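Below is one structure, written out as structure tokens; the observations come after it.
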Amino acid sequence: MSMSHALSLSFRRVSPLSFSQSASTATRAFSTSLRRNDTWGFIGLGQMGYAMAKNLRAKIPASDTLIIRDVNENATKRFLEENQEAARNSTCKVIVAQNAREVAEQSTVLITSLPEPEHVKNVFYSMLRHGDLPVLEQERLFIDTSTIDPASSRQIANAVHTTRQGRFVDAPMSGGVVGARAGTLSFMFGASSQTGQLVDRVRSVLMLMGKKAWHMGNSGAGVSAKLANNYLLAINNIATAEVMNLGIRCGLDPKVLADMVNTSTGRCWPMEINNPVPGVVETAPASRDYAGGFGISLMNKDLRLAISAAEESGAPLALAEMARGVYKAVEAEHRGKDFSVVYKWLQDQSAAQQ
Ligand code: NAD
């Protein structure tokens, strides 16, 4: 039995009838202002999560507590050490939890930032499988910022809601590691607007780590929007690499070509900000040997998830399989590099054909 199948069965086994806190959970009030002595949880201190948790720590009241958890002990250790430095400026208390359940038991707001759907399912399963979480003064809010597929996200939302352990919101983000560090991320979230102040509460939390928060609809709408955006990005990135390669081989100056396109109808983010040709945009990963940026494996994962979301909803994606073939080949050769490395791969293809 696959892990995901096992998890879906496990989630189904958590019956709402086995929980007794329904009335108190349903009537507990939301608050959108930051209260004092709150406890926040953050699980997944990777490229994105580490910087987001740092911003959270800096912006929540010093009387609050932040509980962190990552399977990679180096990440939590580093965070704790950095916090001891920051503690001189009287930031909040930081505690390292030994498991996800411990974080969930104490946190009023719990944010997750994990790589793949299986990681998110595992973490939520481990939080929910031991029965009711202790009732807190304010209803628990789970915000998952990971890019996962809508079906998995709705499954997790359903598990949280049917067991009445709090509210689950999918809120993936855009803006990359630079945006995470600067606290300028854009979030797109899925949350039922029927539950009064939920949307405002979610927005007030997300704005501690970003500058925009789009409410896209009910559960799953955030990840659907994220995958739609990243499908477009995947295609634009390949097309930009092809066009730059074509122009250069026709004898055009790459900088002039990019400037022309950026004031014409072909303008797009990979051409303007993340140009794949070294030297065209000095701040782009291409100008530092494709280091940093948005990793090719994450692009590959998002494309895979977009394709499965399209299959589920019956939406044809004419270019998807072709793009997937390209990203798989590029990942095999340039693992760990920014996804604009597609351009380098194309150049190698051109050379091989000569
Ligand atoms: P990452 O791999 O750098 O970080 C994930 C972290 O989760 C790691 O520290 C890992 O140790 C931890 N982890 C894994 N399983 C765990 C578990 N069971 N319990 C606790 N911790 C666990 O990934 P990232 O780049 O930070 O991305 C996180 C999410 O955000 C992904 O879904 C990604 O697609 C999305 N995203 C990434 C970017 C980007 O530019 N990196 C941009 C937008 C969205």
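In this text the structure is predicted, and so the values were computed from the model without any measurement. Positions are given from 1, in the same order as the sequence printed here. All ligand and atom numbering here is 1-based and tracks the order in the structure.
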Sub-4.0 Å heavy-atom contact, S113 with ligand 1: yes

Proximity flag N122 to ligand 1, non-hydrogen atoms under 4.0 Å: no

Distance flag for atom 23 (O) of ligand 1, protein heavy atom under 4.0 Å: no

Proximity of I148 to ligand 1 by residue part, where a heavy atom lies under 4.0 Å: neither

Salt bridge (charged side-chain N to carboxylate O under 4.0 Å, His left out) between D289 and K337, intermediate numbers included: CA-CA 8 Å; D289 194 25; K337 297 290 187 182; 3.3 Å; yes

Could you identify the single nearest non-hydrogen protein atom to [atom] and state the distance to 0.1 Å?
atom	result
atom 30 (O) of ligand 1	M173 CE, 3.4 Å
atom 18 (N) of ligand 1	V123 CG2, 3.5 Å
atom 10 (C) of ligand 1	D70 OD1, 3.5 Å
atom 33 (C) of ligand 1	K301 NZ, 3.7 Å
atom 4 (O) of ligand 1	G46 CA, 3.2 Å
atom 25 (O) of ligand 1	Q47 CB, 3.5 Å
atom 35 (C) of ligand 1	T147 OG1, 3.6 Å
atom 27 (O) of ligand 1	M48 CG, 3.9 Å

Donor-acceptor pair between N237 and N274 side chains, under 3.5 angstrom: no

T112 and D144: side chain donor to acceptor below 3.5 Å: yes

May I ask you to test the [X]-[Y] pair for a side-chain heavy-atom distance under 4.5 Å?
X	Y	result
N55	L208	no
M173	T147	no
L198	L141	yes
D64	T39	no

Can the positive tip of [X] be found less than 6.0 Å from the middle of the six-membered ring of [Y], inside 45° of the ring normal?
X	Y	value
R78	Y50	yes
R203	F187	no
R324	Y327	no

Under 3.5 Å donor-acceptor, N262 side chain and A258 backbone: yes

For ligand 1, which atoms have a heavy atom of [X] less than 4.0 angstrom away?
X	answer
G44	7 (O)
G176	40 (O)
N72	11 (O)
P115	2 (O), 5 (C), 7 (O), 14 (C), 31 (C), 32 (O)
I43	20 (C)
H119	15 (N)
L45	9 (O)

Whether F124 and F168 hold their rings parallel, tilted or perpendicular, with breakpoints at 30° and 60°: perpendicular

Closest to atom 31 (C) of ligand 1 (judged by heavy-atom distance), picking from D144, L114, L298: L114

Nearest option to atom 14 (C) of ligand 1, as decided by whichever heavy atom of N230, V71, I68 sits closest: V71

Stepwise side chain to side chain contact (heavy atoms under 4.5 Å, CB included) test for R201 and V109: CA-CA 10 Å; R201 185 181 176 203; V109 178; 3.9 Å; yes

Min N/O separation S146 to ligand 1 under 3.5 Å: no

